[in-house]
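Report on one structure; see the data block that follows.
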Amino acid sequence: MAQYTLTTPLTSKDTKKLKAGDTVLLNGTLFTARDAAHKRLVALIEKGEELPFDLEGSVIYFVGPTPPKPGDPIGSAGPTTSYRMDSFSPTMLKNGSKGMIGKGKRDQAVKDACVDYDGIYFGATGGAGALLGKQITSAEVIAYPELGPEAVRKITVKDFPVTVINDTYGNDLYQMGRKQYEVKD
Amino acid sequence: MREIEFNDIVKAVRDIIVHCGTDLPQDTYDALKEAMENEKSPVSKEVIRQILENADIAKDEKRPLCQDTGLAVFFVKVGEDVKVKGGLLKDAINKGTEQGYTDAYLRASTCEPFSRANLKDTVGYNLPAIIHFDIVAGDKIDIEYAAKGGGSENVSRARVFPPAAGKAGIINYVKEVISDAGGNPCPPITVGVGIGGTFEKACISSKHALFRDIGSVNEDEEMAEMEKEILEEINKLGIGAMGMGGTKTALAVHIESNPCHIASLPVSVNVQCHSSRHTHITI
């Protein structure tokens, strides 16, 4: 299992070298969105309207942070459970997005979309919100402020630690890891 | 009749919420440390190391342990010889909840079920709290508190079995629930199992079971044995920390058992993520 440091936006060249189980330190810009924001973003794509940010090479972080303390760019910011975005993610990947960061398993359609459009599903450590929040150096709400913690934010990260769960070859770390350690009576 | 000031309860509740938001309880910290030492998968070991580092950062810098700072859940035992002066006990707990969540920069996570509108500006910041009351003898108020996150709540389930299902049926059911959940509830988890009673009694018991300190032994010997057996079975699933594969899927299984109807065997499984933020005070 290899270790990489990558800077966004990601290209197919970046994503194709990654394999399930690899660890990556991400740098650059990420966009935050949970289900409520995804619903709106996908509706814009379907209507052919302009999105609040450029999807090409983008990495979407599934997170609803806590409010920042005075002087901090953001509060605690760990990943939320990803399956709630399953119905939206293939459309995002088809339209240029190259990565997602969350926690928990994805459905087959998302895994297939990762193969078809050179996308990666990264896992970050759930419940490590204080640690992950510290790797975010700036944050700005760029759309849907009325959604509160679920608004779309443009955030800058430095050495943000993630693990490749689903790669562009159809591999799934959750299935591989579990198979390795499962004890059958 | 002992009188307790409304504002004293507000302050006590506010303080435990602030504390639990950033300080992982010692029982949880110790259990995670032990899990890290014994975990066989290097990937899961690293995940638990990050979880512990996160707990250290949160405590030192007073940052929320997790962005999901939960719904505030309380089990409150009210002594029959206590009177709250200046307001209702329920209002005091809700006011303390709102103050704690606001003062510690915790997230407001309550919303309308369908519009999903956040309730912070209407009902109150992260209100209403979920409160279970009980009346007991004495002149004290006993408050158990936990911040309950959504990810682990979402995989929880309940079912009423026919009595013939027995212990084996329950063990299989718990295993099935945890197996289906995979990494979603943020393992290493604690599993609360409520057995018996009625449908809702089993559910409430499974929730209350999660308030017990990890590492404590069930007073009922038979249940203590069953807890051990289920824990072993769960850790054979191979799910591991955050579902990455490993030998430490659960830190503990806690069972609360109740007498039930001759026709039924209700069972509820309530799951708690690794960030088991819970505490207990007596006023």
Side-chain angles (χ1 to χ4, degrees), chain A residues 1 20-23 32 34-36 39 62-70 72 74-84 102-106 123-134 146-150 161 163 165 172-185, chain B residues 21-22 40-44 46-48 50-51 53-59 61-69 102 104-109 111 116-118 120 149-151 154-155 181-187 233 235-247 249 273-275:
Chain A
M1 288 171 191
D22 289 347
T23 51
T32 75
R34 292 171 41 117
D35 6 357
K39 198 174 170 184
F62 307 150
V63 60
T66 58
K69 281 161 75 169
D72 287 345
I74 202 161
S76 286
T80 194
T81 318
S82 306
Y83 74 88
R84 299 196 312 271
K103 68 173 179 84
K105 54 196 166 189
R106 311 305 303 273
T125 299
L131 182 146
L132 294 169
K134 279 189 81 169
E146 66 280 10
L147 292 178
E150 299 203 52
T163 303
I165 306 293
D172 184 330
L173 178 66
Y174 293 140
Q175 284 174 359
M176 291 155 57
R178 189 161 167 178
K179 209 172 161 190
Q180 192 179 347
Y181 290 96
E182 190 177 16
V183 180
K184 290 211 164 139
D185 292 322
Chain B
T22 56
K40 293 197 173 67
S41 150
V43 179
S44 273
E46 166 59 17
V47 170
I48 306 174
Q50 278 188 25
I51 291 169
E53 186 188 345
N54 181 69
D56 295 338
I57 292 171
K59 189 175 183 175
E61 301 182 15
K62 294 289 160 226
R63 292 172 185 273
L65 283 152
C66 178
Q67 75 292 335
D68 185 351
T69 51
T102 313
Y105 297 92
L106 306 182
R107 196 176 75 184
S109 305
C111 72
R116 311 305 291 174
N118 198 288
K120 65 183 160 67
N154 285 355
V155 302
N184 287 10
C186 288
E233 289 297 317
N235 284 333
K236 282 184 193 165
L237 291 170
I239 295 168
M242 293 313 300
M244 307 255 184
T247 54
T249 303
C273 66
H274 61 72
S275 198

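All values below were derived from every heavy atom in this structure, side-chain atoms included, with hydrogens, water molecules and symmetry-related copies excluded. Within every chain, numbering begins at 1; the chains are lettered A, B, ... in the order of the sequence lines, protein sequences first and strands thereafter.
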Between B:Arg63 and A:Asp72, is there a side-chain N and carboxylate O pair less than 4.0 Å apart?
yes

Should the pair B:Arg116-A:Glu150 be classified as a salt bridge under the 4.0 Å nitrogen-to-oxygen rule?
no

Identify, with sequence neighbours excluded, every residue that meets salt bridge (Lys or Arg N to Asp or Glu O under 4.0 Å) alongside A:Arg178.
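Once residues adjacent in sequence are excluded, A:Arg178 has no partner under the salt bridge (Lys or Arg N to Asp or Glu O under 4.0 Å) criterion.
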
Which one wins on heavy-atom pair count under 4.5 Å against chain B: [options]?
| options | answer |
| --- | --- |
| A:Gly104, A:Ala128, A:Gly133 | A:Ala128 |
| A:Met176, A:Arg84, A:Lys69, A:Lys179 | A:Lys69 |
| A:Thr23, A:Thr125, A:Leu173, A:Leu132 | A:Thr125 |
| A:Gly21, A:Pro65, A:Gly64 | A:Gly64 |
| A:Ser76, A:Gly129, A:Gly177 | A:Ser76 |

Just by distance, do the side chain of [X] and the backbone of [Y] share a donor-acceptor pair under 3.5 Å?
| X | Y | value |
| --- | --- | --- |
| B:Lys120 | A:Gly148 | no |
| B:Asn118 | A:Leu147 | no |
| A:Lys103 | B:Cys186 | no |
| B:Arg107 | A:Pro149 | no |
| B:Asp68 | A:Gly127 | no |

State, to 0.1 Å, how close A:Ala130 and B:Ile57 come at their nearest heavy-atom pair, and which atoms those are.
CB-CG2, 4.2 Å

At their closest point, which heavy atom of A:Tyr174 faces which heavy atom of B:Met242, and how far apart are they?
CE2-O, 3.3 Å

Among the options [options], pick out the one with the most heavy-atom pairs lying under 4.5 Å from chain A.
| options | value |
| --- | --- |
| B:Ala108, B:Gly246, B:Cys273 | B:Gly246 |
| B:Ala55, B:Ala241, B:Ser44, B:Pro64 | B:Pro64 |
| B:Ile51, B:Val47, B:Leu65 | B:Leu65 |

Can you confirm whether B:Lys59 is buried at NZ, in the sense that more than 12 heavy atoms of other residues, nucleotides or ligands lie under 6.0 Å from that atom?
no

Taking side chain as everything from C-beta outward and backbone as N, CA, C, O, which of these in [X] sits under 4.5 Å from a heavy atom of chain A? Side chain, backbone, both or neither.
| X | value |
| --- | --- |
| B:Ile239 | both |
| B:Asp56 | neither |
| B:Glu46 | neither |
| B:Ala181 | backbone |
| B:Ser41 | both |

What part of A:Ser82 is in contact with chain B, defined as an atom under 4.5 angstrom from a non-hydrogen atom: side chain, backbone, both or neither?
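Contact with chain B is absent: no heavy atom of A:Ser82 under 4.5 Å.
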
Between atom CG of A:Leu131 and atom CD of B:Gln50, what is the distance when rounded to the nearest 0.5 Å?
6.0 Å

For B:Gln67 and A:Thr66, does a side-chain donor sit closer than 3.5 Å to a side-chain acceptor?
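There is no such pair between these side chains.
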
With heavy-atom distances below 4.5 Å as the criterion, would you say the side chains of A:Lys184 and B:Lys236 are in contact?
no

side-chain contact (heavy atoms from CB on, under 4.5 Å) between B:Asn235 and A:Tyr181: does it pass, once the steps are laid out?
CA-CA 9 Å; B:Asn235 284 333; A:Tyr181 290 96; over 6 Å; no

Side chain to side chain donor-acceptor pair (under 3.5 Å) with B:Thr22: which residues, sequence neighbours excluded?
none

